Undergrad: 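This is the structure I have questions about; it appears just below.
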Amino acid sequence: MTLLTLNNVGKRFDNGTEALAALNFSVAEGEFISLLGPSGCGKSTALRLIAGLIAPDSGDIAWAGARPELGFVFQEPTLMPWADAQTNARLPLDLKNLPRTDADVRAQAALARMGLKDFTGAFPRELSGGMKMRVSIARALAAGPRILLMDEPFAALDEPTREALNDDLLRLAREDRITVIFVTHSVMEASYLSDRVLVMSPRPGRIKSEITLPPGPRDRLSISFSEGLRRVTSALQEAA
Amino acid sequence: MTRLFNILLPLVLGLVFLAIWDGVVSARHIPPYVLPAPSAIAHALANNFPSLMASLLSTLIVTLEGFIAAWIAGVGLAIAFSQSRMVERALYPYAVVLQVTPVVAIAPLILIWVGFDHINAALALIAALVAFFPILSNTTQGLKSADFNLVDLMRLYGASRWQILRRLRLPTALPHLLGAMKIAGGLSLIGAVVAEFVAGSGTATGLAWRIVEAGNRLEIATLFAALLLLGLLGIAIFAAFSLLEWALLRRWHESALRQQL
């Protein structure tokens, strides 16, 4: 079932730069899709448009029914440095004025699912880069989103940390049947995580090609994974 | 060990300085109305202790009243600026004018307007005017430096302006505000001293007035004693705000943390 459709969405910045030209794609419920493209192709802009943080200049973004609960994860962990992990994870619930005890239980559960059960009282500066990103994802999960928008969340992390987070994200998204729109410039990440990869052209961004990857669990060492990787790589080269 | 050394070194240096001072004054027979010996200053302090303490209290109260008024006005206006660009554009130039005008120049006017019957209110107002600007400008800066992505995230979750202010902007501004309070604490003391000077004798009763009075009577030792107390008061105010800063920021802010490697 289609959850979201972008029809000819265009966006031009105040300085005159055309970030997106006629972006068209739709996202099915429960799907994991990646927007892949070079820096400056408008991937992040597309995500902010979907989140409703900015409005399109042309075209429209149509949700099937009311806009569902969204979660957003930035490239930086974007935590409040004065608050511990639990308070950070609780933020969306606090903003909705949920009773403190309920909010605490949900924030703790989200942190535990991200492997941070023993770090609920830790302040951001006491955590590693990967752990901070885990708090950031726990914060998005605490709100119980149906769709998760992620803007190159693991770009700044080292390879093993990134792979561990990829696996955890995939598991959580499957368990909760969360739809994920994942922005990345990593072919590896896009191929590993996604049901479908949308390859974007350089600015002004538009969808150049679309690669559907075989369903089911992924193995980074398997032949079928390298096959997918090869298809995504060549699509990216053609788009440039 | 190094800690003890760090305390002892300046202390020993200070004692050596006082000893030389004392020696020079007695060796050269410098008259006490030009430069009293440290021992004479200590005597003056001891002899006038109750009245000097009363003056200290008077100056302290004026300083604190001025500081509190500056804090309320500065933080309040900074919050108004953060909520409305129009308010900021309209009022900020006047705040700057207030800052660049030497308040000493308008002190006589304030004394006349507020009146010598309410002398302490007039003194506190002058102290407040001196201390106000750093609080306003630092807090304004702090409220504006909130992480844009966090603002977006909060909007995404439907946060109201009030929620963004309370949960994000105010905590972001806290280190800026605390830094400004350290500066403003010292400035309000300076403001109080200047105001007492301007008010002159017969009305004010604080330490600065004691300095003028002692100078007029050539009681230079008493003058030094009052000066010493003013210095100690300034140190105490700075130390109190530094302590407050440490207490509030120690868990999370870079400035309050030792580098860990």
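The figures here come from the full heavy-atom set of this structure, side chains too, leaving out hydrogens, waters and symmetry mates. Everything numeric in this text was worked out from a predicted model, so none of it was measured. Residue numbering restarts at 1 for every chain, and letters A, B, ... go by the order of the sequence lines.
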Undergrad: Less than 4.5 Å to any heavy atom of chain B: does that hold for the side chain of A/Asp84, its backbone, both, or neither?
TA: neither
Undergrad: What part of A/Ala83 gets closer than 4.5 Å to chain B, counting heavy atoms only: side chain, backbone, both or neither?
TA: neither
Undergrad: Give, for atom CD of B/Gln163 and atom NZ of A/Lys96, the distance between the pair rounded to the nearest 0.5 Å.
TA: 9.5 Å
Undergrad: Please check if atom CG in A/Asn15 has more than 12 non-hydrogen atoms from other residues, nucleotides or ligands closer than 6.0 Å.
TA: yes
Undergrad: Ignoring hydrogens, what is the shortest heavy-atom contact between A/Phe74 and B/Asp152? Give both atom names and the distance.
TA: CZ-CB, 4.3 Å
Undergrad: List the steps and the verdict of side-chain contact (heavy atoms from CB on, under 4.5 Å) for B/Leu168 and A/Trp82.
TA: CA-CA 10 Å; B/Leu168 179 60; A/Trp82 55 83; 3.7 Å; yes
Undergrad: Measure across B/Tyr157 and A/Ala143 and return the closest heavy-atom pair with its distance rounded to 0.1 Å.
TA: CE2-CB, 4.0 Å
Undergrad: Heavy-atom cut-off 4.5 Å, strictly under: side chain, backbone, both or neither for A/Arg139 against chain B?
TA: both
Undergrad: Please classify the contact of A/Leu79 with chain B as side chain, backbone, both or neither, using a heavy-atom distance under 4.5 Å.
TA: backbone
Undergrad: Need one label for B/Ser160: side chain, backbone, both or neither, based on atoms under 4.5 Å from any heavy atom in chain A.
TA: neither
Undergrad: Please check if the number of heavy atoms outside B/Phe241 that lie under 6.0 Å from its CZ is greater than 12.
TA: yes
Undergrad: Can you tell me which portion of A/Leu53 sits under 4.5 Å from chain B's heavy atoms? Options are side chain, backbone, both or neither.
TA: side chain
Undergrad: Supply the atom-to-atom distance A/Ser136 OG to B/Leu153 CG, rounded to the nearest 0.5 angstrom.
TA: 7.5 Å
Undergrad: Please find the pair of heavy atoms, one from B/Asn149 and one from A/Arg48, that lie closest to each other, and give the distance.
TA: OD1-NH1, 3.9 Å
Undergrad: State, to 0.1 Å, how close B/Ala159 and A/Leu95 come at their nearest heavy-atom pair, and which atoms those are.
TA: CB-CD2, 3.7 Å
Undergrad: Please state whether the side chain, the backbone, both or neither of A/Phe72 comes within less than 4.5 Å of a heavy atom of chain B.
TA: both
Undergrad: Distance check, rounded to the nearest 0.5 Å: A/Met80 atom CE versus B/Leu150 atom CG?
TA: 7.0 Å
Undergrad: With a 4.5 angstrom heavy-atom cut-off, is it the side chain or the backbone of A/Glu76 that approaches chain B, or both, or neither?
TA: neither
Undergrad: Working to the nearest 0.5 Å, report the span between CZ of A/Arg125 and CH2 of B/Trp252.
TA: 11.5 Å
